[in-house]
Amino acid sequence: MNVFAYQLAPWYYIKLELADTGDMTDDGDTTHYRRCAMNPVYITSIGKFLPGPPIGNDEMEDYLGRVGGRGSKSKRRILEQNRIRYRHYAIDKEQKSRYSNAEMASLAIRDAIDRHAESLEEKIRFLAAATTQGDLLVPGFASMVHAESGLPVMEIATHHGVCASGMHALKNAYLHIQSGEHATALSCASEFPSRAFKHTRYEAQTANADCPVPFDTDFLRFMLSDGAGAAVLQSKPAPTGLSLRIEWIDNRSYAPNYEVCMYAGMKEQEQPASWLDYRSVHEAADDGAVNLKQDIRLVNEMPKVGVQRFFELVEEGRADPSAIDWMVCHYSSHFFRDEIFRLLRLGGLTIPEEKWFTNLYTKGNTGAASIYIMLEELLNEGTLSPGEQVLCMVPESGRFQTSFMLLTVVGSAAGDRSAVRDQPFEARQPAAPELEYDSSDAVQEQLVRQLVQVWIDFERKLAQVPIIHKLYRRKFTLDDYKALMENVRQQVIDGSQWIARAASYIPIAHIDLRSTFIAHARDEHRDFQILERNYVAVGGDLAKIQSGEKNIGSEALSAYLFQRASREHPYDLIGAMWIIEGLGCRMARYWGEMIRDQLSLSDEQVSFLLYHGDSDEKHFERLETVVQHPMLTADIAGAIVKTAKTTARLYLLQLEELGNV
């Protein structure tokens, strides 16, 4: 049976060609058509990520740098036209990147997921990601975002372009939900132009040696900024709060009608045609071919193209100006806003000024991410009401495109959504367990200082591991608790074994240390039985947890610890104990009480975690004995720190790979 599909809104038709079945129409035709209703599509949650603090106009060149040590002569003129007062940069004042572009997109995705009333991680089946310039030339941006997000295996799509690419990603996700291909999808866009605007890039170019940076290049330095946004799309509205039902999305390209207007990768319209056609990458960069540029004269055509398409949508009956409650328009500069207003008046259509919404002046021009960042504020700040219509407009100057989207606000009062949004994130500020040492001993002091740094980094990353993140966001389930116990049981059994093995490799000259290791192993060798009792107490099958396999993270962690324990003088395993016993001392009771309270369990059902929260204080006293031992040297201290770092990463991997055996 061959299947084909085509669309006649609000239905789609599946063409069935039935061969050799005897199932024919009256005229002998084996072709049948089945009409199927298309799914409604809702934006059920929107998130954003804006890196660093808001940066005022006076600070911009502190981050981007002053080319040749001189401030830009064009800056004031550009800022007077765009009227942007604040923006965000993902670089610091030394022009070092604080995030990657994919990481910013992932953080926006996480914000969108966290704002949703339901746990979504396992439901998302499609990701569309957009950007102007990704972190890498290959692979696609969506691959990098997917990896950064840590979400499950799914279908993905990369959308590369300028401002409209964010809407292209939305349209792709929208169509997947509408057709029934998937029930939950993600769309995101992220921009990181600031790193392309570093003063050092222009100073290295021969063309700028004796003259200012050309205006077509300098223009964008003071127009664009960094940020990311993400939207969750589903076939039903969110269970609480407001959702945005997508009525339609309209994308149009006018590329055959215009020359390139905003571009990077070529030297104006001259030969060679592309930066890849230069004899070397260095030569292309030196010639300015990789600079991001704007054709200032041609860019004035952008409002005309956008307004003309709006008139067409009105004539087609798809947009009714009188019914629009909010006009969300991504204009890159206040200058273009005035021009759009003027052109609308000339065409006999007006949308009152109070209905226009933008946060350009306070969030900056974040390109493809701008429409997400605007909708995020509009939806999450309690501005919208059920029944309102929102028309989104995104004109793009790359080679001229327009994108429009009509939304209807549905759901309950915004107060319900704010209650979800304001659920406390219970992760505490990272703080290392206390470890006493001799402050007069330089080696001990440096060791403890470095171990504390390793712990702080570990605890921050721990809070972003999906299973722990769900716990902190009050979305933890009984199945999550069972999965956690199933996956850590074998590591708990291995703990006493690798410690005992390490003890056998400690020389007789340090029998006191050997005794410390043996005592530690003795205390822990029956702990797995407490965990098994907890598992059965919450409805788990004892045979299942006892027959479970290590996940791939547990395999790596166990193999590493046994390898380190099977060497002479395995003192560096103090670093492993710092991480593992630190989890007991710092996190176990904290997690146990949260699991107990969220799942309405008793202390006996979380006793493994509560017990370790208390008993590991004693274990830390033994750790202090080793740290303060006379055998400690700078080399041993360095090995301890490295083992602590490695153990921390592998422990995170164990939690990240739950169920992956």
Side-chain angles (χ1 to χ4, degrees), residues 72-75 77-84 130-133 160-168 191 193 196-197 202 207-208 211-225 250-275 277 284 287-312 329-344 346-347 358 360 364-368 370-371 393-404:
S72 169
K73 294 182 179 180
S74 308
K75 173 185 171 184
R77 171 188 166 190
I78 297 166
L79 292 174
E80 284 176 352
Q81 287 188 340
N82 66 37
R83 299 195 188 178
I84 299 172
T131 191
T132 300
Q133 293 179 315
H160 165 71
V162 193
C163 303
S165 64
M167 287 288 279
H168 296 168
E191 301 283 27
F197 296 148
Y202 306 107
N208 301 322
C211 60
V213 175
F215 184 76
D216 63 353
T217 299
D218 209 27
F219 175 77
L220 292 175
R221 292 188 82 212
F222 302 102
M223 288 285 288
L224 302 178
S225 53
D250 179 89
N251 295 321
R252 289 288 186 275
S253 168
Y254 302 89
N257 302 341
Y258 296 93
E259 296 295 333
V260 176
C261 181
M262 181 178 172
Y263 56 95
M266 67 180 185
K267 179 70 171 178
E268 300 170 352
Q269 305 301 321
E270 303 169 3
Q271 294 295 328
S274 164
W275 69 280
D277 293 319
D287 199 30
V290 295
N291 292 344
L292 191 60
K293 302 174 186 178
Q294 182 85 67
D295 187 325
I296 303 303
R297 292 165 297 181
L298 192 56
V299 75
N300 292 327
E301 294 293 312
M302 182 175 62
K304 300 176 186 177
V305 174
V307 171
Q308 178 60 40
R309 181 57 190 154
F310 176 63
F311 288 154
E312 293 170 357
C329 181
H330 167 56
Y331 43 83
S332 57
S333 169
H334 184 85
F335 173 82
F336 295 125
R337 178 182 186 272
D338 289 344
E339 180 64 7
I340 291 171
F341 279 19
R342 185 185 72 83
L343 292 171
L344 286 173
L346 286 175
T358 186
L360 170 74
N365 176 4
T366 51
S370 290
I371 192 64
M393 174 181 177
V394 180
E396 176 188 304
S397 64
R399 193 154 183 166
F400 293 95
Q401 299 186 57
T402 64
S403 292
F404 285 85

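The figures that follow rest on heavy atoms only: side chains count, while hydrogens, waters and symmetry mates do not. This chain uses plain numbering: 1 for the first residue, then up along the sequence. It should be emphasised that the depicted structure is a prediction, and the values quoted were computed from it without experimental measurement.
Going from atom CG of Leu224 over to atom CG of Leu292 covers 6.5 Å, rounded to the nearest 0.5 Å. We find the OG1-CE distance between Thr132 and Met262 to be 6.0 Å, quoted to the nearest 0.5 Å. One distance of note links CD1 of Ile371 with CE of Met393; it measures 10.5 Å at 0.5 Å rounding. To the nearest 0.5 Å, atoms OH (Tyr331) and CG (Leu360) are separated by 6.5 Å. For the atom pair CG (Asp338) and OG (Ser333), the distance works out to 9.0 Å, reported to the nearest 0.5 Å. A distance of 5.5 Å separates OH in Tyr263 from CG in Asp216, rounded to the nearest 0.5 Å.
The side-chain hydrogen bond (donor to acceptor under 3.5 Å, both in side chains) search around Gln294 returns Ser397, not counting sequence neighbours. With sequence neighbours excluded, the residues satisfying ring pair (Phe, Tyr, Trp, His ring centres under 6.0 Å) with Phe215 are Phe219. Residues satisfying the side-chain contact (heavy atoms from CB on, under 4.5 Å) criterion with Ser403, sequence neighbours excluded, are Ala164, Met167, His168, Asn251, Val394. With sequence neighbours excluded, the residues forming a side-chain hydrogen bond (donor to acceptor under 3.5 Å, both in side chains) with Thr131 are Asn101, Glu191, listed by chain and number. In this structure, the side-chain contact (heavy atoms from CB on, under 4.5 Å) partners of Ala284, at least two apart in sequence or on a different chain, are Trp275, Tyr278, Ala289. Partners of Thr402 under the side-chain contact (heavy atoms from CB on, under 4.5 Å) rule, at least two apart in sequence or in another chain, are Arg252, Tyr254, Val305, Arg309, Phe404. Under the rule for a salt bridge (Lys or Arg N to Asp or Glu O under 4.0 Å), Arg83 has no partner lying at least two apart in sequence or in another chain. For Asn365, the side-chain hydrogen bond (donor to acceptor under 3.5 Å, both in side chains) criterion is met by no residue, not counting sequence neighbours. Under the rule for a side-chain contact (heavy atoms from CB on, under 4.5 Å), the partners of Lys304 that lie at least two apart in sequence or sit in another chain are Glu301, Leu343. In this structure Phe400 satisfies the ring pair (Phe, Tyr, Trp, His ring centres under 6.0 Å) test together with Tyr258, sequence neighbours excluded. In terms of the side-chain hydrogen bond (donor to acceptor under 3.5 Å, both in side chains) criterion, Ser332 has no residue partners (sequence neighbours excluded). The ring pair (Phe, Tyr, Trp, His ring centres under 6.0 Å) check on His160 picks up nothing, with sequence neighbours excluded.
Counting all heavy atoms, side chain and backbone alike, Ser165 lies closest to Ala130 at O-CB, 3.2 Å. In terms of heavy-atom proximity, Pro303 sits nearest to Ile340 at CB-CG1, 3.9 Å.
Phe311 places a side-chain heavy atom less than 4.5 Å from the side chain of Leu344. Annotation: side chain of Leu220 is not in contact with side chain of Pro193 (no heavy-atom distance under 4.5 Å). Counting only heavy atoms from C-beta outward, the side chains of Leu298 and Glu259 approach each other to under 4.5 Å. The closest side-chain heavy-atom distance from Met302 to Cys261 is not below 4.5 Å.
Using a distance-only test at 3.5 Å, with no hydrogens or angles considered, a donor-acceptor pair links the side chain of Asn82 to the main chain of Phe222.
The pair Arg342-Glu339 meets the salt-bridge criterion, since a charged nitrogen lies less than 4.0 angstrom from a carboxylate oxygen.
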